[in-house]
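Structure record follows, encoded as structure tokens.
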Amino acid sequence: MSHVLVIASREIRERKFVFASAGIAALLSIASTLLPDARGWGRGQVMMLTGSILSIAFALSLAIILGTSVVGRELTNRRMSFYFARPVSAAAIWFGKVIGALVTIAVCALIPLLPGLAAGGLEWTRTSWATPFQAAGVVAVLALMVFLFMHAASTMTRSRSALLVLDVVLLGIAIALGWIIVRPLVLVFALETAVAVGFAILTLVALAMIAGGVWQLARGRADIRANHFELSKWTWAAVFLMLTVAAVFVAWVRSPAPGDLRYSEIEQTAGDWIALTGARTDFDYNTTILLNTRTGELERVSPFDAMLSGDGSTAVWMERDRADTTVRPLRLMRMNLAGKRRRIDTGLTLPPFGQHVLSDDGSRIASFRAGTMSVHDLLTGRLVGSARVTPDHGAHGQIRFVGPQLVRIYLRRVAGGNSSMSVFEYDTANRSLVRTVSDRATTRTQARFSADGGSLIEYGGKSTGEKNLAVLDARTLVPVATLEGANPRGRVSTAFLRDGRIASVVNGGIRLFAPSGQILRDIPLEMKGEIAVVSEAADRKLVVSEGYGVHPNRRWTVMIVDVERGVVERNEAGFVPVGWITDPRASMVLLARGENEIWNEIWRWDVKTVEKKRLFAFSTPAIR
């Protein structure tokens with residue numbers, strides 16, 4: 001240890017003039033208070049700002065100069081034998097020189113800051129992009145990396161060896177591999193994970209290069225070419241080892257199992273496939289997993305606008321193929337889930353922002369953005385129709401396919417606290433746009449559609465004193481039935497059944513209505529809390545959920561209600577439904593097991609046999 005300190009102190013004494021230069025920089029920071037407007041900003045803050053700029057300049061410039069000369073100059077001038085002629089180890093020589101250089105950099109970077117710190121200018125840094133300690137840490141790490149890189153570059157170039165060509169080639173390969181590793185993270189905006197991976201690689205490489213300095217001096221001694229060879233051998237072995245570890249880690253992050261996802265969204269339509277979107281715990285890399293709930297098969301795809309068609313036969317999603325911009329159109333991909341699965345590039349690119357909806361059979365996609373609606377054929381990549389619906393970019397549109405040829409657009413405007421709805425229909429066969437409803441006043445915010453799309457129920461929004469819920473014609477928004485006693489603001493408390501009848505929660509039970517609104521029967525249920533009609537589990541049977549209690553002690557139960565006999569056939573405590581399914585072809589209901597807002601497992605509940613099957617358990621309890 002004494003040898004290290006002796007060499008370090010010698011290195012510091014040889015660079016006394018550098019400290020004098022840093023003192024002059026400190027005087028410049030004081031002189032900056034004479035600039036115009038300095039008084040308005042505050043002299044302390046002006047000195048701190050000027051000192052910070054000079055401090056960073058000193059740290060980086062000294063890192064370049066000292067990194068170039070710390071060992072390379074001694075080897076070139078054949079003065080390294082001076083150290084080896086004494087009983088000093090290679091480690092003592094290396095760490096003595098490195099410590100001396102780093103202390104010089106640190107002190108010279110601190111001196112320009114002293115006047116500003118003494119004047120109370122530290123307050124300026126608290127309002128900047130980082131805290132003082134964060135800023136100092138970033139500059140210190142950057143200076144260390146520059147110092148080590150310049151040391152390696154100096155050793156390699158000063159040797160004048162042909163091995164330098166291989167070094168340049170390996171450097172290019174390492175940079176390319178590093179980008180290949182982090183690129184998938186950047187493409188899905190997993191920037192926190194990408195930065196963490198990049199920082200980890202650089203940190204580990206820096207540690208390896210510090211150890212490499214000892215290795216090169218221990219093996220190469222005073223021979224510059226031998227030092228070059230040993231440093232290259234050590235450095236590139238360490239670099240590619242770190243890249244391999246990083247590649248394995250990124251591959252792990254990108255390949256989660258369904259139970260590894262946290263804060264996931266789950267989508268299902270008809271069929272056995274579901275789409276789960278989320279990220280592993282503590283990572284921001286989102287992915288979508290397409291999971292076959294019957295067979296357990298899965299596919300991982302991009303999370304951008306991943307969708308399932310209504311019949312469950314097709315999945316589509318969008319992929320970024322470049323990381324240069326966030327507004328560039330995204331490439332649209334599709335996959336046939338009914339047959340042999342393979343990823344198919346549709347040849348289409350769509351804007352990253354907007355609403356995209358699949359046709360029921362997955363053959364077409366409709367997009368709505370900035371008042372313009374377009375329809376594309378996914379099989380041919382052809383634009384089959386486009387129309388300008390409204391010049392009002394602030395209007396919110398919801399689009400739905402009504403058959404393969406017809407697209408319906410529900411356009412909502414909010415102005416001055418008032419909300420209005422317009423309805424348009426676009427016929428792709430004739431390429432004609434028809435307005436069926438013009439600025440109908442509404443207070444509702446959500447809608448639930450019948451299976452054929454011919455009727456809808458609006459709910460939610462402001463209370464207007466209404467006591468009954470209305471069924472509307474989906475094309476004209478004209479009321480066609482009144483559901484007596486049904487809550488107009490009730491969330492998912494009313495559902496269309498396969499045969500057109502309507503079930504709604506009324507007075508703590510289920511009231512069954514005919515399509516005309518006639519009351520067919522009341523089914524009393526002994527419920528303790530909020531009731532929701534989830535879906536029709538099988539012919540003439542309903543899946544009903546109940547949540548009772550208050551946070552943090554809410555309890556859930558899911559039951560099967562036979563609407564013909566008016567009895568509860570099955571009651572499953574501890575389950576909560578995942579989504580509300582109204583498609584008459586739906587083969588299952590997804591259930592989560594847990595309490596309050598914490599899910600532990602996801603189950604499939606077959607709508608025909610009403611048999612449960614556990615799909616997966618969350619590796620960490622999922623908070624919803």
Quick check: closest heavy atoms across D345 and M333, and the distance to 0.1 Å? CA-SD, 3.7 Å
Would you verify whether the NZ or CZ of R294 falls within 45 degrees of the ring axis of W273 while also being under 6.0 Å from that six-membered ring's centre? no
With no hydrogens and no angle check, is any side-chain donor or acceptor of S154 less than 3.5 Å from a backbone partner on H151? no
Just by modelled atom types, is the A275 backbone N or O under 3.5 Å from a matching donor or acceptor in the T288 side chain? no
How far does CG of L177 sit from CE of M242, to the nearest 0.5 angstrom? 15.0 Å
Measure the acute angle between the ring planes of F618 and F616, then classify it against the limits of 30° and 60° as parallel, tilted or perpendicular. perpendicular
Stepwise side-chain contact (heavy atoms from CB on, under 4.5 Å) check, M307 with T314: CA-CA 8 Å; M307 296 175 286; T314 305; over 6 Å; no
Does any N or O in the side chain of S309 come within less than 3.5 Å of the main-chain N or O of L358, such that one atom is a donor and the other an acceptor? no
Non-hydrogen atoms of A59 and A109 that approach each other most closely: CB-CB, 4.1 Å
Would you mind checking if R331 and E319 are paired as a salt bridge, meaning a charged N to carboxylate O distance below 4.0 Å? no
Considering all heavy atoms of both residues, which atom of T372 and which atom of S386 are nearest to each other, and what is their separation? CG2-OG, 4.1 Å
Evaluate the criterion side-chain contact (heavy atoms from CB on, under 4.5 Å) for residue pair L290 and V301; output intermediate values, then yes/no. CA-CA 8 Å; L290 304 176; V301 301; 4.2 Å; yes
Correct closest heavy-atom pair for L348 and L378 would be CD1-CD2, 4.0 Å
Would you confirm whether the ring centroid of W252 sits within less than 6.0 angstrom of the ring centroid of F283? yes
Close side-chain approach of D305 to W317, heavy-atom, < 4.5 Å: no
Working to the nearest 0.5 Å, report the span between CG of L144 and CD1 of I105. 8.5 Å
Are the side chain of R334 and the backbone N or O of S363 linked by a donor-acceptor pair below 3.5 Å? no
Taking the side chain as every heavy atom from C-beta outward, state whether L330 and T349 have any atom pair closer than 4.5 Å. no
Mind checking the CG-CD spacing from L308 to Q268? Nearest 0.5 Å is all I need. 9.5 Å
Kindly indicate, with the supporting measurements, whether the criterion side-chain contact (heavy atoms from CB on, under 4.5 Å) is fulfilled by I602 and I266. CA-CA 10 Å; I602 298 294; I266 303 178; 4.2 Å; yes
E267 and A306 have their tightest heavy-atom pair at OE1-O, 3.5 Å
Check whether any side-chain heavy atom of L110 lies under 4.5 Å from a side-chain heavy atom of V107, and answer yes or no. no
Looking only at atom types and distance, does a side-chain atom of D284 sit under 3.5 Å from a main-chain N or O of T193, one as donor and one as acceptor? yes
Among I365, T346, V384, find the residue that satisfies the side chain to side chain contact (heavy atoms under 4.5 Å, CB included) test when tested with D377. V384
Pairing of R280 and D260 as salt bridge, 4.0 angstrom limit: yes
Just wondering, do Y285 and V250 contact through their side chains at under 4.5 Å, heavy atoms? no
Considering only heavy atoms from C-beta outward, does the side chain of W236 approach that of L171 to under 4.5 Å? yes
Find out whether L615 and L590 are in side-chain contact, i.e. whether some heavy atom of one side chain is under 4.5 Å from a heavy atom of the other. yes
Residue pair P258 / L298: nearest heavy atoms and the distance that separates them: CD-CD2, 4.0 Å
Please indicate whether E192 has more than 12 foreign heavy atoms, meaning atoms of other residues, nucleotides or ligands, lying under 6.0 Å from its CD. no
Any side-chain to backbone donor/acceptor pair from W234 onto F229? Under 3.5 Å, distance only. no
Check whether S359 reaches the backbone of R364 with its side chain - one donor and one acceptor, N or O, closer than 3.5 Å. yes
Could you give the distance from OG (S21) to CG (L54), rounded to the nearest 0.5 Å? 12.0 Å
With a 4.5 Å cut-off on side-chain heavy atoms, are R341 and E299 touching? yes
Using a cut-off of 6.0 Å, state whether more than 12 heavy atoms not belonging to F240 lie near its atom CZ. yes
Does the side-chain contact (heavy atoms from CB on, under 4.5 Å) test come out yes or no for M318 and H356, once each step is laid out? CA-CA 10 Å; M318 291 195 285; H356 308 289; 3.6 Å; yes
Inter-residue atom distance I181.CD1 - L243.CG, 0.5 Å rounding: 5.0 Å
Supply the atom-to-atom distance L350 CG to S374 OG, rounded to the nearest 0.5 angstrom. 7.0 Å
State, yes or no, whether a side-chain contact exists between I210 and L148 at a heavy-atom distance under 4.5 Å. yes
Given 3.5 Å as the limit, does a donor-acceptor pair link the side chain of R300 with the main chain of P256, or not? yes
